[in-house]
Amino acid sequence: DSEWRNSDRTQVITLKEDGSISINTTVSLDITAPEVNITGNLTVSGSISATGNMSTSGNMAVTGTATSGGTNLNTHTHTGDSGGTTSAPN
């Protein structure tokens with residue numbers, strides 16, 4: 001493996017023999033570019049915060065509670081045509 005690091009080793013970039021690259025830092029990592037493209041699967045361990053629009057051309061699976069505009073999509077109901085309410089989604 002080859003490493004680039006600062007003097008106290010709190011920031012390390014490792015070029016591994018298997019071809020993978022590891023970036024480790026004790027502070028935030030910023031990427032600034034007009035566009036960032038990732039080819040392959042993306043796994044995130046932690047929360048994601050986004051500002052702006054989001055779109056997908058595939059399916060989305062949610063484990064847990066999905067909300068939109070403050071409405072819980074797992075349990076919401078609608079007013080029915082006869083004045084009652086519909087059941088929650090199955």
Side-chain angles (χ1 to χ4, degrees):
D1 294 355
S2 299
E3 285 188 348
W4 294 327
R5 60 184 177 269
N6 63 347
S7 60
D8 61 2
R9 296 186 56 86
T10 57
Q11 298 166 319
V12 180
I13 299 173
T14 306
L15 306 177
K16 298 184 177 186
E17 290 183 18
D18 66 4
S20 63
I21 300 171
S22 173
I23 301 173
N24 291 290
T25 181
T26 57
V27 295
S28 65
L29 173 66
D30 297 322
I31 300 172
T32 303
E35 185 172 319
V36 177
N37 297 294
I38 299 172
T39 302
N41 297 326
L42 175 64
T43 301
V44 177
S45 298
S47 299
I48 298 175
S49 296
T51 302
N53 299 320
M54 184 179 296
S55 63
T56 180
S57 61
N59 298 320
M60 182 181 297
V62 177
T63 302
T65 302
T67 59
S68 177
T71 300
N72 182 327
L73 301 181
N74 300 358
T75 60
H76 76 283
T77 59
H78 297 267
T79 302
D81 293 341
S82 61
T85 57
T86 61
S87 61
N90 336 1

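The structure presented is a predicted model; accordingly, all values stated were derived computationally and were not measured.
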Point to revise | Side-chain cluster (under 4.5 Å, hydrophobic types only) that I13 belongs to, other residues | key: W4, L15, I21, I23, L29
Point to revise | ring pair (Phe, Tyr, Trp, His ring centres under 6.0 Å) pairs, two or more places apart, involving residues 46-80 | key: H76-H78
Review point. Atom NZ of K16 and atom OG of S2: how far apart are they, to the nearest 0.5 Å?
Key: 12.5 Å
Practice item. Check the surroundings of atom CG in D18: do more than 12 heavy atoms from other residues, nucleotides or ligands lie under 6.0 Å from it? Key: yes
Exercise for review: Show which residues join M54 in its hydrophobic cluster (side-chain heavy-atom contacts under 4.5 Å, direct or indirect), or state none.
Suggested key: none
Review point. Where do T56 and M60 come nearest, in terms of heavy atoms and distance?
Key: CG2-CE, 4.5 Å
Study note, to complete from the structure: For Q11 and T25 the tightest heavy-atom approach is CG-OG1, 3.4 Å
Review point. Are N24 and S22 linked by a side-chain donor-acceptor pair shorter than 3.5 Å?
Key: yes
Point to revise | Within-4.5 Å side-chain heavy-atom neighbours: T14 and R5 | key: no
Study note, to complete from the structure: In terms of heavy-atom contacts, A66 and N74 come closest through N-OD1, 3.7 Å
